[in-house]
Amino acid sequence: MDRNSHLEVINRIQLAIGSANDFIPLHEPEFTQLDKKFVNDCIETGWVSSVGSYVEQFENLVARQCNSSYAVAVANGTVGLELAMKVAGVQADDEVLIPALTFVATANAAHHLGAIPHFIDSSETTLGVDPHALRAYLRAIGTTRYGTLYNKNTKRPISCIVPMHVFGHPIDMEGLSQVASEFGLIVIEDAAEALGSKFTGRACGSFGTLGVVSFNGNKIITTGGGGIILTSNEELAQKAKHLSTTAKISKNWAFEHDQPAYNFRMPNLNAALGVAQMLQLKDRIKQKRILAHRYIASFEDFTSGKIFQEPDRSESNYWLNTLILQSGTSRECRDMLINTLNEAGYMVRPAWELMHQLKFHASSPRAPLPVSEQLAARIINLPSSAKLALKK
Ligand SMILES: *Cc1c(COP(=O)(O)O)cnc(C)c1O
């Protein structure tokens, strides 16, 4: 791409979101009077920490939004993923299938349980796990004994798969669920970025045995820091709640605990903010979708790339808008464009460093990753705050 195509990209972004008089961040948290009201109320009650009514209110709102019977609020998405894997029965030395194209938290959560991340490839149409490639790969490297899938090369059990909905775009959960049941894999959805996204009309996070959403400051809505575990299995929900709250069994003044556990709970203060933010989710998603369609329209006849659009049968929350440069574009070429755009006042970013390319994953097992590798070199995330939709 030459200087002229760089200017063309700037013009097209400008057409979608206006000029960058001030620096336009990639994604900003957004707050209203409602947020202040709930947070203030929480402070005034004095119940800002581990007890208080907002946690349950927040859990109920998210469970309903996400078509799940239960929701357990936790301190952040990362510990949510760790705890979800633990209650689902993932053991130390199990292998956990994780897309190479994800944020490092997905793999970290497996590491903390002593499990081994095993990286798999993505699909060009969803950016997430490709069920067809996965089936072929597991047939090649897997062997099933007494209902448990083993990696023939490492001899370790492969117990679980953690698909991730990239930038809020739903992956093919139908295809994925079929492969998972074929090979006896537990499914835990990393729906950290996909609150409000739907596949075949059903919420992301509700397809797996458990699902996890993040409410970090950069996500579509935020509790400052926070996460939630979704499930429709009552026993798993109770287990997650119990382990996240120091496994305390007595309801009164006694300190009785029945096992070593965690303090992973979400403080009531964060949940108060979460309740207010949940009440704004519907409008937020509406704005996000308007913004996405502005980008799609302004890049419509662009020859050097396209704006990623929600896959078939799905409805995306469009958490982060993504320009995918044309196939064959080099990393260097992408990075030059990223530099130009940042200098022009538009904060843009590449996708994450692929998981298998991080040094500490050098010895982690992996499938062939051709799609992830060529996709990662071509992705640019564009400014995506919902309020940008109100600018024009
Ligand atoms: C944000 C995110 C997480 C982790 O959530 P935190 O609340 O920041 O711990 C996990 N996975 C993905 C894909 C994420 O984007």
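Just so you know, these numbers use all the heavy atoms, side chains as well, and skip hydrogens, waters and symmetry mates. Order of listing sets the numbers, starting from 1, for every ligand and every atom in it.
No side-chain donor-acceptor contact under 3.5 Å links E256 to the backbone of I249. N216 places no side-chain N or O within 3.5 Å of a backbone atom of K219 that could act as its donor or acceptor partner.
Residue N216 has at least one heavy-atom neighbour below 4.0 Å for each of these atoms of ligand 1: 7 (O), 8 (O). Heavy-atom proximity to A105, at under 4.0 Å, picks out these atoms of ligand 1: 3 (C), 4 (C), 10 (C). Residue-ligand proximity, M164 to ligand 1, at heavy-atom distances under 4.0 Å covers atoms 13 (C). Residue A192 has at least one heavy-atom neighbour below 4.0 Å for each of these atoms of ligand 1: 2 (C), 3 (C), 10 (C), 11 (N), 12 (C), 14 (C). Counting atoms of ligand 1 from 1 in the listed order, those under 4.0 Å from a heavy atom of T78 are 4 (C), 5 (O), 6 (P), 9 (O). The atoms of ligand 1 that sit less than 4.0 Å from any heavy atom of G226 are 7 (O).
Look at G225 and you'll find every heavy atom at least 4.0 Å from all atoms of ligand 1.
Taking 4.5 Å as the limit, some side-chain heavy atom of I380 sits within range of a side-chain heavy atom of L337.
In terms of protein heavy atoms, atom 11 (N) of ligand 1 is closest to D190 OD2, 2.8 Å.
At a cut-off of 3.5 Å, with distance as the only test, a side-chain donor of D94 or S159 sits close to an acceptor on the other residue.
Ion pairing between D258 and K248 fails under the 4.0 Å rule for side-chain N and carboxylate O.
Hydrophobic clustering of Ile, Leu, Val, Met, Phe, Trp and Tyr side chains at less than 4.5 Å, counting indirect connections, unites V212 with Y262.
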